[in-house]
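Each remark here refers to the structure printed beneath this line.
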Protein chains: 2
Amino acid sequence: MSVTTDRLRGLIETTEGELPSLTVELVRDLEVHEQMSIAEVAELTGLSAHTLRYYERIGLVEVPRDAAGRRLYDREAVGRVVFITRLRDSDMPIAAIARYVELVKQGPGTEPERLALLEAHRDDILNRLRDLQGALAVVDYKITTYGGSCGS
Amino acid sequence: MSVTTDRLRGLIETTEGELPSLTVELVRDLEVHEQMSIAEVAELTGLSAHTLRYYERIGLVEVPRDAAGRRLYDREAVGRVVFITRLRDSDMPIAAIARYVELVKQGPGTEPERLALLEAHRDDILNRLRDLQGALAVVDYKITTYGGSCGS
DNA sequence: GCTTGCCTTCGACCGCACTCGAAGTCCTAC
DNA sequence: GTAGGACTTCGAGTGCGGTCGAAGGCAAGC
């Protein structure tokens with residue numbers, strides 16, 4: 001589905017059976033340099049440079065600049081982008097991600113709300129999984145019994 | 001997630017272990033009368049009347065009318081709508097659904113393409129499932145180890 | 001010193017899937 | 001016969017998440 005996920009999936013699968021995969025680990029495994037250009041981060045994440053600028057514009061990441069004003073993603077910024085990508089891949093709305101990031105910015109004391117946000121999202125994912133499994137059953141049935149009207 | 005799925009989920013779960021659930025069975029189990037008004041179909045599927053008209057407008061369903069020109073959904077139309085809803089719940093794009101419906105309209109001979117369409121969509125669903133499971137692992141990890149920055 | 005090419009900002013635009021509003025029609029109940 | 005409510009068509013508007021283009025800056029290589 002998403003390019004990012006395709007790129008990261010292998011890494012996840014290699015750690016299966018161990019702890020659930022961790023963005024930080026993924027970032028460590030992928031080649032993250034201390035300073036990355038927007039093109040490199042785009043290449044790394046599968047997002048377009050446009051999208052990366054967009055994420056910054058709406059406040060999801062803060063990205064340091066070089067002397068000439070060009071973006072130089074540091075390890076933290078890259079980690080953030082990868083994390084956001086993960087959440088987007090699971091259809092978390094940008095607004096919710098923005099809220100989460102906002103809470104992180106506000107610092108300690110906001111953990112309960114952050115946790116609540118993640119738990120709500122976790123429920124969304126579980127529902128989505130069930131939806132998809134249901135739909136998969138229908139499509140599979142259609143495929144295996146293929147005769148093919150479309151109201152049946 | 002979707003209202004329709006919420007309503008139908010129970011029915012699916014009751015048939016677990018048997019054959020994969022079938023739209024036609026769902027339709028039989030839900031109370032489908034021979035003639036239903038748009039309001040009744042909306043109530044049944046969880047779609048809005050607006051959305052039902054929209055689906056018809058773009059050619060996804062043909063709906064009979066009564067003498068006064070009002071929509072009177074018959075069993076076939078209702079089945080079609082439920083099937084479409086299932087596909088939409090799994091994020092199949094309207095355009096692909098429209099293509100499928102088009103093939104059904106064209107009648108016999110189009111089965112191979114229909115099948116290919118369904119199989120492609122099946123692959124999409126499987127990828128989506130993997131994406132979601134990956135994202136779930138990340139979110140779960142975040143929740144269980146909760147300390148909370150967002151690049152980690 | 002000039003071309004090449006990636007970078008910058010900014011605002012406008014796009015595609016998807018609805019969603020809504022206006023204006024009018026038709027049946028039912030009073 | 002008239003008020004109410006659910007229906008009709010049509011076209012326009014909305015929200016989301018990007019996506020793009022224009023106009024210009026800066027550094028490296030020729």
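We name chains A, B, ... by the order of the sequence lines, and we start the count at 1 in each one.
If you measure from atom CG of B:Leu47 to atom C1' of C:dA17, you get 12 Å, rounded to the nearest angstrom. Atom CG in B:Leu60 sits roughly 10 Å away from atom P in C:dA17 (whole-Å rounding). Computed from coordinates, the A:Glu40 CD to C:dG5 C1' distance equals 15 Å when rounded to whole Å. Between the CG atom of B:Asp91 and the P atom of C:dC18 there is a distance of 10 Å, rounded to whole Å. Following rounding to the nearest Å, B:Arg53 (CZ) and C:dA17 (C1') show an atom-to-atom distance of 16 Å. Between B:Leu52 atom CG and C:dC20 atom P there is a gap of 14 Å when expressed in whole angstrom units. One can place CD1 of B:Ile58 at 11 Å from P of C:dC16, the figure rounded to the nearest angstrom. Put simply, OH on B:Tyr55 is 9 Å from P on C:dA17, counting in whole angstrom units.
First and last contacting nucleotides of DNA chain D toward chain A (any atom under 4.0 angstrom from a heavy atom, 5' to 3' order): D:dG17 to D:dA27.
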- request: Walk me through it: do A:Arg128 and B:Asp91 pass the test salt bridge (charged side-chain N to carboxylate O under 4.0 Å, His left out)?
  value: CA-CA 11 Å; A:Arg128 204 76 253 290; B:Asp91 292 328; 3.0 Å; yes
Check against salt bridge (charged side-chain N to carboxylate O under 4.0 Å, His left out), A:Glu40 and A:Arg70: CA-CA 13 Å; A:Glu40 288 168 335; A:Arg70 287 191 225 116; over 6 Å; no
query: salt bridge (charged side-chain N to carboxylate O under 4.0 Å, His left out) between B:Lys142 and A:Glu111: does it pass, once the steps are laid out?
result: CA-CA 11 Å; B:Lys142 270 308 232 186; A:Glu111 284 86 356; over 6 Å; no
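Along DNA chain D, the nucleotide closest to A:Thr51 and the one closest to A:Ala68 are compared, and the more 5′ of them pairs with A:Thr51. Where B:His50 and B:Ile94 each meet DNA chain C at their nearest nucleotide, the meeting point lying more 5' is that of B:Ile94. Looking at which nucleotide of DNA chain C each of B:Arg70 and B:Ala95 is closest to, the 5′-most match is held by B:Ala95.
Base engagement by A:Arg57 is indicated by at least one non-hydrogen atom pair under 4.0 Å involving a base atom. Residue contacts for B:Arg88: at a heavy-atom cut-off of 4.0 Å it reaches the sugar-phosphate backbone alone, with no base atom in range. Here B:Ser48 lies out of heavy-atom contact (under 4.0 Å) with every strand. Note on A:Arg71: only backbone sugar-phosphate atoms sit closer than 4.0 angstrom, heavy atoms only; bases stay farther off. Within the nucleic acid shown, A:Ala49 has no heavy atom closer than 4.0 Å to any nucleic acid atom.
Distances shown here put a side-chain N or O of A:Arg65 below 4.0 Å from the OP1 or OP2 atom of C:dT9.
When the shell of 6.0 Å around CD of B:Glu62 is examined, it contains 12 or fewer heavy atoms from other residues, nucleotides or ligands.
Between A:Gly59 and A:Val101 the shortest heavy-atom distance is O-CG1, 3.8 Å.
Atom OG of residue A:Ser90 and atom CG of residue B:Leu132 lie 6.5 Å apart, to the nearest 0.5 angstrom.
In this structure, B:Arg99 pairs ionically with B:Glu113, as a charged nitrogen and a carboxylate oxygen lie closer than 4.0 Å.
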